[in-house]
Each structure stands twice: as C-alpha cells, then as structure tokens.
Amino acid sequence: MVLSEKNWSKESETTIFTEWKTTKRYAFNPHSQKRVYSIDTPPPYVNTPIHIGQATTYVFMDMFARFQRMTGHEILFPLGLDRNGLPIEMAAEKEFKVKLTDTPREEFIALCNKVLEKSSLASVESFLRLGIGFNSWEKNDEIGSVYETDSPEYRSLTQETFIDLWHKGLIYEDYRTNNWCPGCQTTLADAEIDYSELPSFFNDIKFKVKETGEEIIIGTTRPELICTCEMICYNPEDERYKHLEGKNAVTPIFEKVVPIKADPVAQMDKGTGLMMMCSFGDVTDIRFFRDNGLKSTIAINKDGTMNEHAGFLKGLKVKDAQKALIVQLQEKGLLVKQSRIKHRTPICERSKDPIEFIGMKELYLKQLEYREEMLRIAEQSHFYAPESRKILIDWINSIAIDWPISRRRYYATEIPLWYCASCNHPVVPKKGPYYRPWKQKCPIDACPACGGKEFIGEERVFDTWFDSSISPLYILKYSRDDAFFKKNSPCSLRPQGKEIIRTWLYYTLLKDYLLTEKCIFKDVWINYHIVDENGKKMSKSAGNGIDPQDVLNRFGAEPFRLWAALEGNLERTDFRCSMERIEGAGKTISKLWNVAKFISMFPKSTAASEKSVEAHLTDLDKWILNGVNQLVIKATEQYARYDFHNPVVDIRHFIWEEFASQYIELVKNRAYNQNNEFTKEQQDAAIYTLNHVLDVLLNIMAPVLPLITYRIYHELHGKDIHFEQFATPGTHYTVNLTIDDLSALNSFIWKAKKDAGKSLKEEVTLLVIPELFKPIQHDIISAHNIKKLEFGQEKRIEL
RNA sequence: GGGCUCGUGGUUUAGUGGUUAUGACGUCUCCCUUACACGGAGAAGGUCGCCAGUUCGAAUCUGGCCGGGCCCACCA
C-alpha cells in the first residue's frame, strides 16, 4: 500500500496523539507479567506554562519510556502536577493584591484555590502535543494516573511519612538561629538559599581595650549587630594582635565588655585581621558560639526589625538600624573608614530578599547522623552522567545542620500535630487521613501525658521538599499497595535537573532511606539546561525565552524531538536552543517520509521471504543490511544508557548518506525492473532489502519520533510500532564494499557527467572501474546508464 | 578561595595519542534526473582557547594561564 499522503506535516501529528489519548493507549497495566520500568517525573508547577527546558527533558523521558517498552517492560510513566507552596501563594498575593500575613488563613487558601482553578492546562496540552506517552491524562485512582501534590491523597501520604519518622524518633523541635526570609515570612533550609553579590559598606569601627585603653579597629558589614557581639578574635599567627591575648574589649556605643581570643576563624588578610563574633550568623557561628560556650543573642525580629537587645535601634528595620548606628558612630568619632564593597549576601532563592538570621522554634528532621549512610546510598544509584554523582556527594559532605522542615505558610501540607492545652505535650494522630490541625479537632481524646482533653492544633506546614521527596513512594503505591511497592521498588529512574540535586534528589534519597532503609532509585539521569542561542540563561526579564507552544505551532513535535536527540548530550552540556536548528531537523523528518513513500511503492508482500531471497542478495544489498545492523547494535547499547544522541546522529547520517543517496540510487532500477533487465529474484532481493531496512529504521527511531514512525508503520503493516519488540541485529554478511568505495564511485561518475555539462541520465560510453565492484556491476550499469563496463586498476570514464 | 565542567570552520556538534579532524545548520555555484527543491551534484570555510612539557608523533596525555557555565565555602 502506498502511503496515503504526499507530505508529512505537523498537522498529521494531531490525529495521532489525540487517538493515543482517547484510546488510553499507554495506560499502565497492573496485571502485566512484564517487569515494570518506572519513571519518577518531576512535577511542573501548574500556574505557569511549561518551559522549553521542561519540554525537552520530558521528550527525553518519553524516549526512555518508549525504548524500555519496546525492550519488554511495562511502563509506569505518570504525569505529576505540583500545586503546593510558595509559587502558588506568591501568585495569589500578586493577583489579588493581598499579603499572606494580613489575610485570614481560610481566605488566603481560597485565593490560592482560585489561582489553581484558573491556571490553564496549557502545560498538559503541550505535553500531549509533544507526543509524550504518559500512562494517563486523567486524575483517578489508577496506577499511573495524573497526580497533584495538593490532593488529599498526596498530602495524607506526606503526613503519613512524617508520622512514621516521628515514631522513629527522627524528628525534634529546637529553638535555633534560623535562615529567615523577611519577604516570604518563613524559615528556609540551607538548600533554599542563593547567594548574590550585593553592594554594601565595609565599616572600620573603633573598639577599646578595657585593660589598656588601646584603640583597636574592627571591620564589619553588619555594624547594627554590634549589640550581639560576644567576642573579638584574631588569628593565632597574627603578630599584630598577640599582645591582646587574655584582654577584653569594650564595644562602642553599647559599652559591653567582651573577651579577645586567638582563633583560626579570623583570617589575617581580611579586614583589619580582627573579627567580631556576633550571633547573627549562619551555621558556623552557631557552632562557634556553642564551642566557646557563648550565649547567642537574637536582635532581629521575624518582621525584620530590631528588638530590645539592640537598645536604641529597637523597632527599626535592619537597613535603617544600620544607617542610624553609622550616624551615631560618626558623631562619636568611632567610624574610622567606610568603603563600598560588593558583598556576597545570602538571599532567598524564591523572593530574592536578603536572609536574616533569627531565632525561633522549628521542627527538624535528623540528617547529620546519617551522612555516612547517605554517602553509601549515593553510590548505589547509577548516575547518568557518572560525574553528576559528585554534586550530590559534595552536598552531603557539606551538610552542617539537620533539616528544618517546618514553614510558616498556608498553602502547603499541614504538619499533623496537636499540643495538649494543659501540658503542651505534642500529640501525633494515626496514619491514614489527611489532617488539617489548624482548623480541625484533635482526633485523640486525651493527652497521654496528663490526660488533658483540650488540644491546640499545629499551625505550621511542611517545607515543599518534604512533599516532593515522596514522589517515587507515591507513584509506587508505598503504604497503599504493599505488594506492588515491594515488587516494583526501587524506582527505575529519577530524571531531573542538576540544579536540584541538593534539594529534590538529596531529600528524596534521605527521606526514603529513613523510611525504607533502601536506596529508592536504580538510575538517576541528570540533565543540564536549555539556554538561548547565545548560551545565555532564558529568563522572563531578559525576554529571551522560547515558548514550546511556539515551537509546536511552527514545526510540530517531531522536528523538536529530533533536534533534542541530535543537538548534543544533555547529561554533559547545555543545549542552545535555536529555531533555525529545530527547523533544520524537520528536513530529516521529510526525508524519512519520502524514503518510506518510495519504498511503499514496492510492497514486501509481493517479494519473497528472507530465506528464499537470501541466495539472491547482491553485495550491495548485503552492504546496506550490514549497515543497518550496526545501527541496531549501537542503538540497543546506547539507548539503554540514556544516550540517544550518538546513535541518532549515526541513524540520520545513514538515512541520508548511505540509504537514500547510495543504496536507493543504485538499486532503484532493479526495484522498478521496468525493462526486465533483472530477474524476478534479483528484483525481489532489492524489494526485500528496501522494506527490511525501512522497517528497522522505523523501529529504532520509534522512541525518538513516535508520531511519524507510528503513522508509517501503521499504514504499511497495520500494527502499532510502539508495542513491537525493539529490533535485533540480523545476519552479518561478509562484504568488501565500503561506503567510501560506493560514494567515491558514484561521485566519480556524477562529477564526470556534470563537468561535461551533461545530464545525469546521459549514457556512459565506457566505464573502467576496479574489480571490487564486480559483484554489483549490474546495479551500476543500470543506475548510471553504462553502455560498456570494464575492470581495471585506474578508474576511467568516456561519455 | 575551592571543586566540577566546557572552550573544535560563521553557528553548532563528534572525536579522547597516529596518515589530508566528523556530521549538521548556514554560505556559494550548477541542476525541477518519475521518493523527496524540506531535493540532487559540486565548492569554499578550521594554526581543534593560549603557553610550555611528555612522546617518533597531541585536538586527544601532563602542568600553567585565559575565558564561559554550574556548584560549594566560616571573605567577618
């Protein structure tokens, strides 16, 4: 049957992905006997359309899924949608011009729900149009269906994991200095902090030595924190200050007496070499204060203003307090010098506000004491690329505090805790339901500690990563279908960006290890980024973003998918996204269609089977069959390692340069056999070879180009190529011909005709070629219209 | 400051010790030859970031430097 359409176009794609969706083609079959291959997809946020980077990585995941299906696996490939957390809350604040801190909780959650309702399903539609074969496009209870991270089902599992960890004694509450974002009004984990070079002032300030009255100069960027200064340090090697050992200093303005000590924490070449130790600090300051038995003073309130410890600065915002103090110092002649510097400042990864360090009670999940285990777990997953593992290992080694998991926000999973009203004893409910303690009565009747009947519900919620880190457990039905979880754990693949290794990957490995004592992922595929044509990060502000919908509208999915495979190795480098290059990939799609259309004129059914045909295969046929075998071998090996780039580059080259330009050109006349120049057997051999090579090409390209290969294969064979077995290499023949021999010969003849100003179909009076070509002389004579052919050392042509 | 990574014709990419460096996109010339003008034939274009070393021989190994990216860090 000849292919029905003249051209393949992007419009051809629509009927195919629509059919897949309506017939639930890729639904997960829980009764399948096949081994399950599961992909823990990264849920995109629903309130913004998907980014070109997500489009690309999901295309890769789809290639992985389709390849694994063809190698005999049942595929678990669900779509998750992230609806928890700050992005939703920030969208609500922006859209309804409210502040979380000024809005009643119930009301604020209602606004978040409005944002979520309005959030278009643009991202889901993009995935559909990209040809992604998710198990399902519907939300329901079936395995592999679409899930939302704010659903009662998901949130209850999050809470359940908390309850388990609580009972294992891994969760505790502590009053500590915390990373606090004044903008988001919440505590942050170290993993949520970015750093930015912000302009600030370096102030050289006079302190006095109590015993001698000597003036010493200390440099600082945070003068407003002098009120919390508990110690002055200098480096033990620093000759300039050795005489200060054992003495005390008097802080300016606040007149507090603090000890002076030698400590390697102070670097000689930094500032004046003297350093004031204040309890504003980060993790290391906490450690320093603890090691030196110092009492830390918190001088900054949650709202970013100074408190009573700051004396006359009380009530001022940090920035204003800083200015006010500087004015005071200047008036008293205590400010020696002020210089403008760029200071690396910790900022909130989401709101970009500078982080303050303030004290409050938070819940922590123990992780410090599991660092060795986590390093071991990190070795148990296979990383693609292997180098990416180091990012995880470095992070594990750098962890300095336990994971603060509580947040003071609203649209997130509630922490399932109540506190006894009379003795404050914390009460954890039973696993199972979805709890909302801030608006719900405690399900426990009496306090186990004091028998009290009144409880106060916990108001805090979980860090988003506490939710996100259970995604593989959720999709594998952890605690919902134990037999299924046991059989299909670990999850086959975690695909994700390298920038969230320290968050999503680490927290998932940690939490799932603490819960199950196992490594949850067999493979981890880490991807780099899609950047703009100039290698710059795409961003809204720079206006250099590329919308996947634009790409789909202009070219359709297949050129984009082929581009993704051809562009490079996303495990190792960023891709520069260029419309021109995506368009270029479209040429190969057309070429494949045209090759298929040509071959479809010679249906295999009229030719004999491989066995009967084998005796009549010419060296030319054997050469191309060998070529396609090589592709099968390489694709089988490399696809399994998540490398589509190298095989697909070879396949494209093969299609254009070997199959279309050399083989088809030479064999065309034999396939037509219009003047019966060839025997029926010789013709059948050509038709068999053409069809076989096409079938194999379609098969090995099916994961990459699911739509066009599906269409061609369905028209030719009436079957779904995606449920066929992945190709296996056929017979290897011994042939002396190489691609170079053939293209050199063809070029030689074509060029001779061209140089003589003659048409390519013009006849050749005499052609002398090496003996090597003797086995395929018949095809050569016919293809080039040769009147007389001779064999000799030197190639020669007469027209 | 440390770590990782990258630096190959206009753009992009492969190659990780061996004769004239791979392919793609783009460019130029000619050609509508019955699968394809999203095509065909031909051509131009690279001192493989810089410097030194190892070697008979380096884009490929070693060291240093320069530049880009990412990550980390107790620069107060």
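Each chain gets a letter, A, B and so on, in the order the sequences are listed, and its residues count up from 1.
For residues 585-595 of chain A, the side-chain hydrogen bond (donor to acceptor under 3.5 Å, both in side chains) pairs, not counting sequence neighbours, are A:T588-A:W656.
Taking atom CG of residue A:N594 and atom P of nucleotide B:rU34, one finds them 14 Å apart after rounding to whole Å. Across the protein-nucleic acid pair, A:W504 atom CH2 and B:rC71 atom C1' stand 19 Å apart, rounded to whole Å. Across the protein-nucleic acid pair, A:R222 atom CZ and B:rC75 atom C1' stand 15 Å apart, rounded to whole Å. Put simply, CD1 on A:I712 is 15 Å from P on B:rC36, counting in whole angstrom units. The separation between A:Q638 atom CD and B:rG15 atom C1' is 14 Å, rounded to whole Å. At whole-Å resolution of the value, CG in A:L570 and P in B:rU13 are 12 Å apart. A:F598 has its CZ atom 19 Å from the C1' atom of B:rC38, to the nearest Å.
Among the atoms of the strands shown, none is found under 4.0 Å from any heavy atom of A:I218. Using a 4.0 Å heavy-atom cutoff across all strands shown, A:E665 reaches at least one base atom of the nucleic acid. Using a 4.0 Å heavy-atom cutoff across all strands shown, A:V649 reaches no nucleic acid atom at all. Residue A:T588 is classed as having no contact, given no heavy-atom separation below 4.0 Å to the nucleic acid.
Using a 4.5 Å cut-off on side-chain heavy atoms (C-beta onward), A:F560 and A:L552 make no contact. Proximity of A:I326 to A:N203: side-chain heavy atoms (C-beta onward) are separated by under 4.5 Å at one or more points.
The nucleotide whose nearest atom lies closest to any side-chain atom of A:R581 is, among B:rC36, B:rC72, B:rU11, B:rU11.
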Using a cutoff of under 3.5 Å, can you pull out all pairs of nitrogen or oxygen atoms linking the protein to nucleotides 1-5 of chain B, with atom names and distances?
residue	atom	partner	partner atom	Å
B:rG3	O2'	A:K390	NZ	3.3

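In this view, A:H529 satisfies the ring pair (Phe, Tyr, Trp, His ring centres under 6.0 Å) rule with no residue, not counting sequence neighbours.
For the P atoms, the distance linking B:rA59 with B:rC51 amounts to 12 Å, nearest Å.
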